[in-house]
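Here's the structure we're looking at; comments come further down.
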Amino acid sequence: MEEQKIAVVVTGFGPFGEHTVNASWVAVQEMEKLGLGEEVDLNIYEIPVEYETVQRLIPALRKKHKPKVIVHVGVSGMATAITLEKCGHNTGYQGLDNCEFCPGTQCCVEGGPECLHSIIDIDTVCKRAAAAGLDVQFTVSTDAGRYLCDFTYYTSLYQSHGRSVFIHVPPLGKPYTAVQLGQAIQTIIRVILDMLEQSEDHLNCGHS
């Protein structure tokens, strides 16, 4: 019997504002070229910078692929390192998207908790990725920016019960190349999959 592949969904964002080429989508495409190994069923998607599309697309991707984890990648003009976000926020969305729209309630999920965290230990992911010997810097953040990145992360955390991760990358060439960004994303996802496998092995041992 063929071993079932592990489904992973990775998203980047389309162009917006000054980011006519969005480094996040370029990084995700580079990561796809590198791959995650034969055992992973990798599915990548470019998400438009639109609140309503995000709210529709995230549940649809979960339903279609039933992924072990969803990894979202976004660009931050302020970032100078690969930044792993610890949490998504529910309120404070006032910035207009590419359709000149923002949620009337300025929130993701009415009545939802203000902050949702990934079930994956982001500090450990950061340490292990940094130890992989790539020529890039990794850091951790608790503020994904109250725009489409944060909105996507919260929506995804809410839908997946915490089985999501968000990575911010700097714009291309500031300072990293597309290939370096792709390698960094690949490394992070491999670390996450290893950690999820270890935690499941641990749980299985407890039940046997």
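Remember, predicted model here, so these are calculated numbers, not experimental data. Residue numbers start at 1 and run along the sequence shown.
Remark: S24 engages N22 in a side-chain hydrogen bond (donor to acceptor under 3.5 Å, both in side chains) (not counting sequence neighbours).
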Item to check | side chain to side chain contact (heavy atoms under 4.5 Å, CB included) between V109 and T155, intermediate numbers included | outcome: CA-CA 8 Å; V109 179; T155 303; 5.7 Å; no

Item to check | I44 and W25: CA distance, side-chain angles, deciding distance, side chain to side chain contact (heavy atoms under 4.5 Å, CB included) verdict | outcome: CA-CA 9 Å; I44 69 167; W25 180 234; 3.7 Å; yes

Next on the checklist: Could you go through L196 and R163, starting from their C-alpha distance and side-chain angles, then the distance that decides it, and tell me whether this counts as side chain to side chain contact (heavy atoms under 4.5 Å, CB included)?
Outcome noted: CA-CA 10 Å; L196 286 172; R163 291 181 87 89; 4.0 Å; yes

Next on the checklist: Quick one, V140 with V125, criterion side chain to side chain contact (heavy atoms under 4.5 Å, CB included). Give me CA distance, side-chain angles, the key distance, then yes/no.
Outcome noted: CA-CA 9 Å; V140 168; V125 174; over 6 Å; no

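Residues G145 and D143 come closest through the heavy atom pair N-OD1, 3.0 Å. Heavy-atom minimum distance, L34 versus Q186: CB-NE2, 3.5 Å. Closest of all the heavy-atom pairs between F16 and N98 is CB-OD1, 3.5 Å.
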Using distance only, find each side-chain donor-acceptor pair of residues 127-139 under 3.5 Å and give its atom names and separation, not counting sequence neighbours.
none

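The neighbour count for E39 CD, taken as heavy atoms of other residues, nucleotides or ligands under 6.0 Å away, is above 12.
To the nearest 0.5 Å, atoms CE (M31) and CD1 (I189) are separated by 4.0 Å. With values rounded to the nearest 0.5 angstrom, I70 atom CD1 is found 4.0 Å from S156 atom OG. Here SG of C115 is found 10.5 Å from NZ of K86. Values are rounded to the nearest 0.5 Å. Note: L36 CG to D41 CG = 10.5 Å, rounded to the nearest 0.5 Å. Taken to the nearest 0.5 Å, the CD1 atom of I47 stands 3.5 Å off from the OG1 atom of T11. Atom CG of L61 sits about 12.0 Å away from atom OG of S160, to the nearest 0.5 Å.
Listed for the N90 side chain is no donor-acceptor partner under 3.5 Å among the backbone atoms of C107.
Of the residues listed (V49, T53, I58, L57), the one engaging T152 in a side-chain contact (heavy atoms from CB on, under 4.5 Å) is I58, and it is the only one. With respect to E85, the side chain to side chain donor-acceptor pair (under 3.5 Å) criterion is satisfied by exactly one of H168, H117, H72: H168.
The aromatic rings of Y51 and Y147 stand perpendicular to each other, their planes meeting at an angle above 60°, with 30° marking the opposite boundary. Using cut-offs of 30° and 60° for the angle between ring planes, the Y154 and Y158 rings count as parallel.
The pair E114-R146 meets the salt-bridge criterion, with a side-chain N (NZ, NE, NH1 or NH2) lying under 4.0 Å from an Asp/Glu carboxylate O.
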